[in-house]
Amino acid sequence: MPELPEVETVRASLAHALIGQRLETIELRRSDLRFPFPERFVERLSGRAVKAVTRRAKYLRIHLDSDEILVVHLGMTGRFILAPFEAGVPIAGRGEIVGTYTHESGRLPQHDHVVLRTSGGTVVTYNDPRRFGYMLLLDAATIESHAVFRLLGVEPLGPGLEASALSERAAGRRTDLKAFLMDQRNIAGLGNIYVCEALFRASLSPKRKARTLAGRGGCPNDRSVRLLVAIREVLEEAVAAGGSTLRDYRKPDGSSGAFQERHDVYDREGERCRRPDCSGTIRRMTQAGRSTFYCPSCQK
DNA sequence: ACTGTACCCTGTAGGC
DNA sequence: TGCCTACAGGGTACAG
């Protein structure tokens with residue numbers, strides 16, 4: 001679910017709630033998500049202060065005063081929920097008393113896998129029905145060489161995204177442009193929604209071969225420049241709107257993102273193309289096992 | 001090297 | 001109402 005704009009929105013909320021606070025209690029409700037939780041997870045988090053909350057690609061990084069970094073990937077349905085702490089009411093049948101975050105039924109809320117309380121009085125809950133998310137605890141000094149970060153491509157909203165970098169990586173590649181952009185080693189942080197939207201804005205077909213982004217000798221061409229501008233614009237607008245809420249995604253305060261209102265193609269199969277000079281209809285097809293939405297008449 | 005498929009897991013929507 | 005299928009913002013392990 002969450003792509004760069006959604007993860008960035010979560011990051012900002014967590015930063016506000018966590019920076020300068022200590023993690024006072026941690027309740028772990030199961031031993032694994034997609035992968036097992038790190039060894040001695042609760043012990044290594046307990047009492048730690050949060051120095052910073054950053055993002056790389058779709059990964060959240062919570063920097064602790066122990067010089068370890070809690071890395072969280074939200075997978076498809078992972079989300080954080082922030083709620084004020086009200087003392088004295090247990091939320092679980094076992095473990096520690098952390099707050100009043102209870103379900104109306106009186107049972108544990110479904111899929112709340114990690115619940116922690118900060119010294120600032122906030123209860124932070126990680127909820128993830130499909131459990132495709134995961135958490136790691138890594139040494140700050142060596143984090144960039146860890147397997148999940150080492151091969152990641154350029155950050156699209158940072159200074160590293162230039163048409164030349166895109167074109168060089170695309171040169172000679174026979175893979176579909178859609179798949180090329182979904183590959184986190186080429187550009188980090190795009191997912192199904194924003195790849196579809198960026199290709200539409202750049203008027204490029206998702207079926208086009210990636211190598212057509214490169215001119216002679218792997219140089220940028222007008223297509224790669226157009227695409228780069230489109231990627232930046234769509235991500236910046238989506239971040240400003242708090243991301244896209246289609247099904248599961250929520251901002252940590254429980255509210256929805258707004259960018260889904262501005263999707264030109266994603267989830268608009270059968271509807272009219274929004275380009276004023278185009279009379280096409282948005283189509284859906286499958287590429288690499290995922291839905292691609294596009295306008296066949298103006299994306300070439 | 002590169003590409004496509006299956007799979008991890010749960011929930012929901014739509015057809016019958 | 002239920003039962004069945006298809007599908008979902010991600011990533012990885014395979015087979016070819």
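Letters A, B, ... are given to chains in the order of the sequence lines, protein chains preceding strands, and every chain is numbered from 1.
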Separation of [X] atom [atom1] from [N] atom [atom2], in whole Å?
X	N	atom1	atom2	value
A:Leu152	C:dG10	CG	P	14 Å
A:Arg268	C:dA8	CZ	P	17 Å
A:Tyr266	C:dC7	OH	C1'	9 Å
A:Asp248	C:dC7	CG	C1'	12 Å
A:Ile193	C:dA8	CD1	P	11 Å
A:Arg79	C:dG10	CZ	P	17 Å

Hey, are [X] and [Y] close enough for a salt bridge, meaning a charged N less than 4.0 Å from a carboxylate O?
X	Y	answer
A:Asp183	A:Arg185	yes
A:Lys51	A:Asp67	yes
A:Asp176	A:Lys209	yes
A:Arg283	A:Glu269	no
A:Asp128	A:Arg34	no
A:Arg262	A:Glu237	yes
A:Arg44	A:Glu68	yes

Please confirm whether the shortest side-chain N or O distance from A:Thr77 to OP1 or OP2 of C:dA8 is below 4.0 Å.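 For C:dA8, OP1/OP2 do not have a side-chain N/O of A:Thr77 under 4.0 Å.
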Taking only side-chain nitrogens and oxygens of A:His73, does any of them come within less than 4.0 Å of OP1 or OP2 of C:dG11? yes
Rounded distance [0.5 Å steps], CD in A:Gln21 versus OG1 in A:Thr118: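 Output value for this atom pair is 5.0 Å.
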Apply the test side chain to side chain donor-acceptor pair (under 3.5 Å) to residues A:Tyr249 and A:Ser256: give CA-CA distance (whole Å), side-chain angles for both, the deciding distance (0.1 Å), then the verdict. CA-CA 7 Å; A:Tyr249 171 70; A:Ser256 297; over 6 Å; no
Once ring-ring contact (aromatic ring centres under 6.0 Å, His included) is applied, do any residues pair with A:Phe293, and if so which ones, sequence neighbours excluded?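 If we apply the ring-ring contact (aromatic ring centres under 6.0 Å, His included) test to A:Phe293, skipping adjacent residues, the hits are A:Tyr266.
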Within 45 degrees of the ring normal and closer than 6.0 Å to the centroid, is that where the cationic atom of A:Arg250 sits relative to A:Phe80?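 No, A:Arg250 does not sit over the ring of A:Phe80.
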Please say whether the positively charged group of A:Arg61, taken as NZ for Lys or CZ for Arg, lies over the ring of A:Phe149, i.e. under 6.0 angstrom from the six-membered ring centre and within 45 degrees of the axis.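 Judged by the rule (NZ or CZ under 6.0 Å from the ring centre, within 45° of its axis), A:Arg61 counts as positioned above A:Phe149.
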Pair [X], [Y]: side-chain N/O donor-acceptor within cut-off below 3.5 Å:
X	Y	result
A:Asn127	A:Thr125	no
A:Glu6	A:Tyr194	yes
A:Arg284	A:Ser291	yes

Give one of base, sugar-phosphate or nothing for A:Gly289, where a contact means two heavy atoms less than 4.0 Å apart.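 Touches nothing.
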[M] and [N], which share atom name [atom1], separated by this distance in whole Å:
N	M	atom1	answer
B:dT5	C:dA6	P	16 Å
C:dC14	B:dC9	P	16 Å
C:dT12	B:dG11	P	24 Å

Would A:Cys196 and A:Thr292 count as a side-chain contact (heavy atoms from CB on, under 4.5 Å) if you check the C-alpha gap in whole Å, the side-chain angles of each, and the deciding distance to 0.1 Å? CA-CA 7 Å; A:Cys196 291; A:Thr292 299; 4.3 Å; yes
Between the protein and nucleotides 12-16 of chain C, which nitrogen or oxygen pairs are less than 3.5 angstrom apart?
| unit_1 | atom_1 | unit_2 | atom_2 | d |
| --- | --- | --- | --- | --- |
| C:dT12 | O4' | A:Arg34 | NH2 | 3.2 |

In sequence, state the C-alpha distance, the side-chain angles, and the governing distance for A:Leu137 and A:Ile69, and then conclude on side-chain contact (heavy atoms from CB on, under 4.5 Å). CA-CA 6 Å; A:Leu137 262 172; A:Ile69 297 177; over 6 Å; no
I need the residues from residues 165-183 of chain A with at least one non-hydrogen atom less than 4.0 Å from DNA chain B; give them sorted by number, or say none. A:Arg173, A:Arg174, A:Thr175
What are the 5'-most and 3'-most nucleotides of DNA chain B lying under 4.0 Å from any heavy atom of chain A?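 First-to-last contact on DNA chain B, by the 4.0 Å heavy-atom rule, is B:dT3 to B:dG11.
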Under the criterion of centre distance below 5.5 Å and interplanar angle below 30°, is A:Phe132 classified as stacked on the base of C:dG10?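 One would call A:Phe132 stacked on the C:dG10 base.
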Using atom names, set out every protein N or O paired with an N or O of nucleotides 4-6 of chain C below 3.5 Å, distance rounded to 0.1 Å.
none

Can you work out whether A:Arg130 or A:Arg185 has the more 5'-proximal nearest nucleotide on DNA chain B?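 Comparing both residues, the 5'-ward one is A:Arg185.
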All stems with DNA chain B, defined as three or more consecutive Watson-Crick or G-U pairs under 3.5 Å: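 Detected stem regions: B:2-8 with C:10-16, B:10-16 with C:2-8.
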